[in-house]
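Let me begin by presenting the structure, written as structure tokens, before commenting on it.
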Amino acid sequence: MKELVEVVAKALVDHPDEVVVTERTEGRDMVIELHVAASDMGKVIGKQGRIAKAIRSVVKAAASKDNKKVDVEIV
């Protein structure tokens with residue numbers, strides 16, 4: 001999951017070298033944190049959060065194969 005978020009985020013931003021993705025587990029749930037440059041924050045979130053929602057949807061669909069619950073947080 002971490003790699004999926006990283007690939008998608010690096011494709012969207014102007015500064016792909018500043019994309020950092022961390023993964024932590026909280027019980028049965030997994031939280032993926034996406035850190036990007038301040039100037040790229042709007043590109044990752046998108047108008048009215050549409051791109052962020054799309055990223056979360058793709059990750060949740062991929063996680064459903066493994067019967068896991070994954071949350072993506074953009075920091």
Side-chain angles (χ1 to χ4, degrees):
M1 300 305 149
K2 178 180 174 182
E3 295 82 16
L4 175 63
V5 174
E6 189 171 355
V7 169
V8 171
K10 284 185 177 184
L12 292 171
V13 298
D14 289 331
H15 306 286
D17 53 320
E18 295 186 33
V19 172
V20 178
V21 180
T22 57
E23 186 177 82
R24 69 175 194 265
T25 305
E26 296 177 355
R28 210 186 80 156
D29 301 341
M30 183 184 302
V31 178
I32 297 176
E33 293 180 348
L34 172 62
H35 302 268
V36 296
S39 60
D40 290 328
M41 191 64 73
K43 292 182 180 191
V44 174
I45 296 173
K47 287 187 178 181
Q48 297 180 351
R50 289 185 181 147
I51 294 175
K53 186 176 179 182
I55 292 171
R56 289 182 178 114
S57 296
V58 169
V59 171
K60 286 184 182 194
S64 68
K65 285 184 170 180
D66 300 332
N67 292 328
K68 293 183 181 178
K69 183 179 177 201
V70 178
D71 291 325
V72 178
E73 294 180 358
I74 301 171
V75 183

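Hydrogens, waters and symmetry mates are skipped; everything else that's a heavy atom, side chains included, is used.
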Would Ile51 and Ile45 count as a side-chain contact (heavy atoms from CB on, under 4.5 Å) if you check the C-alpha gap in whole Å, the side-chain angles of each, and the deciding distance to 0.1 Å? CA-CA 5 Å; Ile51 294 175; Ile45 296 173; over 6 Å; no
Minimal non-hydrogen separation, [X] against [Y], with atom names:
| X | Y | answer |
| --- | --- | --- |
| Lys2 | Ile32 | N-CD1, 4.0 Å |
| Glu73 | Arg56 | CA-NH2, 4.5 Å |
| Val59 | Met1 | O-SD, 4.1 Å |
| Lys43 | Leu12 | CD-O, 3.8 Å |
| His15 | Asp40 | N-OD2, 3.1 Å |
| Lys10 | Pro16 | CE-O, 3.5 Å |

Are Val7 and Val58 in one and the same hydrophobic cluster, where Ile, Leu, Val, Met, Phe, Trp and Tyr link if side-chain heavy atoms are under 4.5 Å apart? no
Connected via hydrophobic side-chain network under 4.5 Å: Val5 and Val31: no
Would you say [X] and [Y] make side-chain contact, with heavy atoms under 4.5 Å?
| X | Y | answer |
| --- | --- | --- |
| Val36 | Glu18 | no |
| Leu34 | Val44 | yes |
| Val20 | Thr22 | yes |
| Lys69 | Met30 | no |

Mind checking the [atom1]-[atom2] spacing from [X] to [Y]? Nearest 0.5 Å is all I need.
| X | Y | atom1 | atom2 | result |
| --- | --- | --- | --- | --- |
| Lys60 | Lys68 | NZ | NZ | 15.5 Å |
| Leu4 | Glu6 | CG | CD | 10.5 Å |
| Asp71 | Arg24 | CG | CZ | 9.5 Å |

Can you confirm whether more than 12 heavy atoms, excluding those of Arg28, are under 6.0 Å from its CZ atom? no
